[in-house]
Colleague: 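Got a structure for you, questions after.
Bear in mind that the values here come from a model prediction, so they are computed numbers and not experimental data. The analysis underlying the following values was restricted to heavy atoms, covering all of them including side chains, and did not include hydrogens, waters or symmetry mates.
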Amino acid sequence: MVNSNADAMGIIFPNSYDALVPELVTDRLMASIPFAGRYRLIDFILSSMVNCGIDNITIPVRKNYFSLMDHLGSGREWDLTRKNGGLNIIPPFAEKTITVYNHRIDALASILRFLKAQKEKYVVMTDANLAVNFDFKDMIEAHIASGADVTIAYTESELPKSVIDSDNNNKGSFYTFDIEDGRIQDIKINLRESGVKNFSMNIYVIERELLIDLVNTAFVRGNVYLERDVLIPQLDKLNVQAYKFDGYTARITDMKSYFNENMKLLDEANLQALFAANPVYTKIRDDNPTRYITGAKATNIMVADGCVIEGEVENSILFRGVKVGKGAKVKNCILMQDTVVEAGASVEYTITDKNVTISEGKDLKGTDSFPIFIAKSQIV
């Protein structure tokens with residue numbers, strides 16, 4: 001890990017975009033959705049911050065946060081167990097000023113007293129629906145060099161079909177930018193146009209004192225959206241700069257994208273692009289190495305520790321503790337922690353949540369455009 005501290009604190013909003021994947025967030029939030037075999041989505045952003053020397057990280061949570069607190073614990077795996085700074089998870093009603101927030105301004109207003117007490121000059125804010133190995137240090141340096149009031153990261157990419165086709169704004173807002181000489185001239189909300197756009201990553205760098213002033217003003221006016229209510233009306237006054245990110249980005253926008261982004265990591269090039277730059281830390285589970293019993297067949301799979309494979313597995317991702325029985329066939333699947341596929345079962349294009357059991361001889365088959373999802377602890 002990087003030992004030198006950055007003059008910045010981090011704020012991660014873990015519940016943003018929960019509504020995009022309702023099947024996966026009945027008992028958890030977006031940030032703690034399992035991803036890539038042994039990780040949770042928050043591991044990528046949290047590890048990126050730590051690798052760049054940010055060691056004061058706050059996570060204001062809304063609901064369904066037990067799984068996140070269980071996963072992060074004291075922050076030991078990320079070297080965030082500290083007397084000063086470290087990992088700070090703020091549940092609703094932790095103090096009388098903290099409430100269940102709906103949007104970013106609400107969340108920030110509820111922790112203003114905490115923000116005022118911090119020492120760092122800059123604040124890095126981000127959501128948790130991205131799996132990305134991000135260089136926050138480079139972004140902070142670009143922010144300082146440009147003299148910006150606010151810097152926002154973006155990618156040049158096609159808008160996901162689920163975003164273009166969505167007619168439900170309650171699922172969250174997406175932002176695209178018009179950029180001129182590095183400065184954001186206009187921010188469009190939920191654009192319905194195809195083609196390559198400057199697609200916001202919802203990663204922000206801003207001076208802490210300026211953030212406090214903006215939130216104070218917005219909150220007393222009843223504003224709730226940072227982008228719509230604060231930044232867009234002041235684009236002519238505030239120097240809002242764009243920071244282009246060219247690295248590998250997995251963005252979760254619906255269940256189909258969750259399936260696709262996981263499966264993309266079976267391609268070695270994508271796997272290297274996401275993990276090669278800096279290490280990604282996660283909660284340690286002391287388990288045995290995966291065992292392949294005599295007669296097992298495995299082709300193009302990602303397997304975490306603790307698995308036992310007796311049957312056939314192809315083009316699939318197996319999380320920790322998955323068991324595939326003798327004669328069972330698993331193809332194009334994502335099987336989360338401690339899933340059991342019993343002997344003789346056949347499973348294709350299926351996502352299982354934790355502790356699911358596929359009974360002996362059962363045959364489940366989804367499609368690449370509509371994978372089957374089985375909820376946590378179900379027996380099929």
Side-chain angles (χ1 to χ4, degrees), residues 2-13 16 44-59 85 104-105 107-108 111-112 114-116 118-128 130 132-157 175-187 197-218 225-249 251 277-278:
V2 176
N3 292 320
S4 59
N5 294 342
D7 192 13
M9 62 173 290
I11 299 177
I12 302 174
F13 300 100
S16 299
F44 296 88
I45 290 293
L46 194 60
S47 298
S48 294
M49 287 186 174
V50 169
N51 288 330
C52 294
I54 299 173
D55 59 8
N56 181 6
I57 300 172
T58 295
I59 306 175
R104 219 179 299 271
I105 293 297
L108 293 169
I111 60 170
L112 270 182
F114 170 80
L115 284 174
K116 291 175 182 177
Q118 303 312 296
K119 306 299 183 183
E120 290 81 3
K121 184 174 182 179
Y122 301 100
V123 176
V124 175
M125 299 184 294
T126 176
D127 295 323
L130 301 172
V132 61
N133 211 320
F134 196 91
D135 190 346
F136 287 103
K137 186 175 180 181
D138 187 69
M139 184 178 177
I140 293 169
E141 290 174 352
H143 173 82
I144 296 170
S146 67
D149 295 309
V150 184
T151 299
I152 312 176
Y154 73 98
T155 59
E156 285 188 353
S157 57
Y175 305 96
T176 54
F177 305 143
D178 290 339
I179 302 171
E180 185 177 323
D181 296 327
R183 183 166 179 170
I184 296 176
Q185 302 294 327
D186 191 19
I187 299 176
K197 306 295 179 184
N198 300 320
F199 195 8
S200 174
M201 300 176 73
N202 291 353
I203 297 176
Y204 304 82
V205 174
I206 183 172
E207 282 197 18
R208 182 173 55 85
E209 294 293 341
L210 175 59
L211 177 63
I212 291 170
D213 290 342
L214 291 175
V215 171
N216 261 326
T217 302
Y225 292 98
L226 176 65
E227 300 81 4
R228 186 193 70 184
D229 299 331
V230 177
L231 297 183
I232 292 177
Q234 300 188 71
L235 284 176
D236 57 336
K237 298 177 184 177
L238 295 174
N239 181 5
V240 182
Q241 291 285 318
Y243 176 84
K244 183 180 178 181
F245 180 70
D246 290 321
Y248 187 89
T249 305
R251 190 189 299 256
N278 286 298

Colleague: List in chain and number order the residues that pass salt bridge (Lys or Arg N to Asp or Glu O under 4.0 Å) with E227, two or more places apart in sequence or in another chain; answer none if no residue qualifies.
Modeller: R104
Colleague: Shortest non-hydrogen contact from D127 to S16?
Modeller: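 Closest approach of D127 to S16: OD1-OG, 2.8 Å.
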Colleague: Restricting to ring pair (Phe, Tyr, Trp, His ring centres under 6.0 Å), what partner residues turn up for Y154, sequence neighbours left out?
Modeller: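 Applying ring pair (Phe, Tyr, Trp, His ring centres under 6.0 Å) to Y154 gives none.
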Colleague: Just so I know, are the side chains of L211 and M125 near enough to count as touching, which here means a heavy-atom distance under 4.5 Å?
Modeller: yes
Colleague: Would you say that S47 contacts N278 through its side chain, given a criterion of any heavy-atom pair below 4.5 Å between the two side chains?
Modeller: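 SC-SC contact between S47 and N278 ruled out.
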Colleague: Indicate the atoms forming the closest heavy-atom contact of M201 with T249, along with that distance.
Modeller: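 Distance-wise, the nearest heavy atoms are CE-OG1, 4.2 Å.
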Colleague: What residues, two or more places apart in sequence or in another chain, satisfy side chain to side chain contact (heavy atoms under 4.5 Å, CB included) together with A148?
Modeller: H143, S146, T151, N239, Q241
Colleague: Suppose we screen for side chain to side chain donor-acceptor pair (under 3.5 Å). Which residues come up paired with D138, at least two apart in sequence or across chains?
Modeller: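 Partners of D138 by the side chain to side chain donor-acceptor pair (under 3.5 Å) criterion, ordered by chain and then number, come out as Y243.
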Colleague: For F44, what residues pass the ring pair (Phe, Tyr, Trp, His ring centres under 6.0 Å) criterion, not counting sequence neighbours?
Modeller: F35, Y39, F275
Colleague: Does Y175 have R228 sitting over its ring (NZ/CZ under 6.0 Å from centre, angle to axis within 45°)?
Modeller: no
Colleague: Just by modelled atom types, is the G85 backbone N or O under 3.5 Å from a matching donor or acceptor in the N56 side chain?
Modeller: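 Checking the backbone N and O of G85 against the side chain of N56, no donor-acceptor pair under 3.5 Å is found.
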Colleague: Just to verify, what does L112 make a side chain to side chain contact (heavy atoms under 4.5 Å, CB included) with, not counting sequence neighbours?
Modeller: L115, I212, V215, N216
Colleague: Not counting sequence neighbours, which residues clear side chain to side chain contact (heavy atoms under 4.5 Å, CB included) with A128? List them please.
Modeller: I12, A31
Colleague: With sequence neighbours excluded, tell me which residues meet side chain to side chain donor-acceptor pair (under 3.5 Å) with T176.
Modeller: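 Checked T176 against side chain to side chain donor-acceptor pair (under 3.5 Å); zero matches.
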Colleague: Mind listing the closest non-hydrogen atom pair of L235 and I184 along with its distance?
Modeller: CD2-O, 3.9 Å
Colleague: Are the side chain of T155 and the backbone N or O of S157 linked by a donor-acceptor pair below 3.5 Å?
Modeller: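 Side chain of T155 to backbone of S157, a donor-acceptor pair under 3.5 Å: no, none is there.
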Colleague: For I45 and F136, which heavy atoms make the closest approach, and how far apart are they?
Modeller: O-CE1, 4.0 Å
Colleague: What's the shortest heavy-atom distance between A8 and I54, and which atoms?
Modeller: O-CG2, 3.6 Å
Colleague: Tell me, do I57 and M9 make a side-chain contact under 4.5 Å, heavy atoms counted?
Modeller: no
Colleague: What do the steps show when you test I11 against V124 for side chain to side chain contact (heavy atoms under 4.5 Å, CB included), and what is the final call?
Modeller: CA-CA 6 Å; I11 299 177; V124 175; over 6 Å; no
Colleague: What's the separation between atom CD1 in I152 and atom CG in N202, rounded to the nearest 0.5 Å?
Modeller: 8.5 Å
Colleague: Could you go through L214 and I105, starting from their C-alpha distance and side-chain angles, then the distance that decides it, and tell me whether this counts as side chain to side chain contact (heavy atoms under 4.5 Å, CB included)?
Modeller: CA-CA 9 Å; L214 291 175; I105 293 297; over 6 Å; no
Colleague: Could you walk me through whether R251 and F199 satisfy the side chain to side chain contact (heavy atoms under 4.5 Å, CB included) test, starting with their C-alpha distance in whole Å, then the side-chain angles of each, then the deciding distance to 0.1 Å, before giving a yes or no?
Modeller: CA-CA 11 Å; R251 190 189 299 256; F199 195 8; 3.4 Å; yes
Colleague: Which residue pairs pass the salt bridge (Lys or Arg N to Asp or Glu O under 4.0 Å) test with at least one member in residues 177-186, sequence neighbours excluded?
Modeller: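 Sorted pair list: D178-K188, D186-K188.
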Colleague: Working to the nearest 0.5 Å, report the span between CD of E207 and CD of E120.
Modeller: 13.0 Å
Colleague: When you compare the side chain of D149 with that of I206, does any pair of heavy atoms fall below 4.5 Å?
Modeller: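 Result no, sub-4.5 Å side-chain heavy-atom pair not found.
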Colleague: For residues V240 and F177, determine if any side-chain heavy atom of one lies less than 4.5 Å from a side-chain heavy atom of the other.
Modeller: no
Colleague: Kindly write out the residues that satisfy salt bridge (Lys or Arg N to Asp or Glu O under 4.0 Å) with K121, not counting sequence neighbours, or none if the list is empty.
Modeller: none
Colleague: Kindly indicate whether the side chain of I179, heavy atoms from C-beta on, has any atom under 4.5 Å from the side chain of Q185.
Modeller: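 They are not in side-chain contact.
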Colleague: Do the non-hydrogen side-chain atoms of Y204 and V150 ever get within less than 4.5 Å of each other?
Modeller: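 Yes; the side chains approach each other to less than 4.5 Å.
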Colleague: Could you state the interatomic distance from CG (N133) to CZ (F245), rounded to the nearest 0.5 Å?
Modeller: 7.0 Å
Colleague: Could I get the full list of side chain to side chain contact (heavy atoms under 4.5 Å, CB included) partners for I232, not counting sequence neighbours?
Modeller: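 Once residues adjacent in sequence are excluded, the partners of I232 under the side chain to side chain contact (heavy atoms under 4.5 Å, CB included) criterion are I187, I189.
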Colleague: Taking all non-hydrogen atoms of both residues, which atom of C52 and which atom of D135 are closest, and how far apart?
Modeller: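 Looks like SG-OD1, 3.7 Å.
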Colleague: How many angstroms lie between CD in Q118 and CD1 in I111, if you round to the nearest 0.5 Å?
Modeller: 9.0 Å
Colleague: Could you list the residues that satisfy side chain to side chain donor-acceptor pair (under 3.5 Å) with E156, not counting sequence neighbours?
Modeller: K244
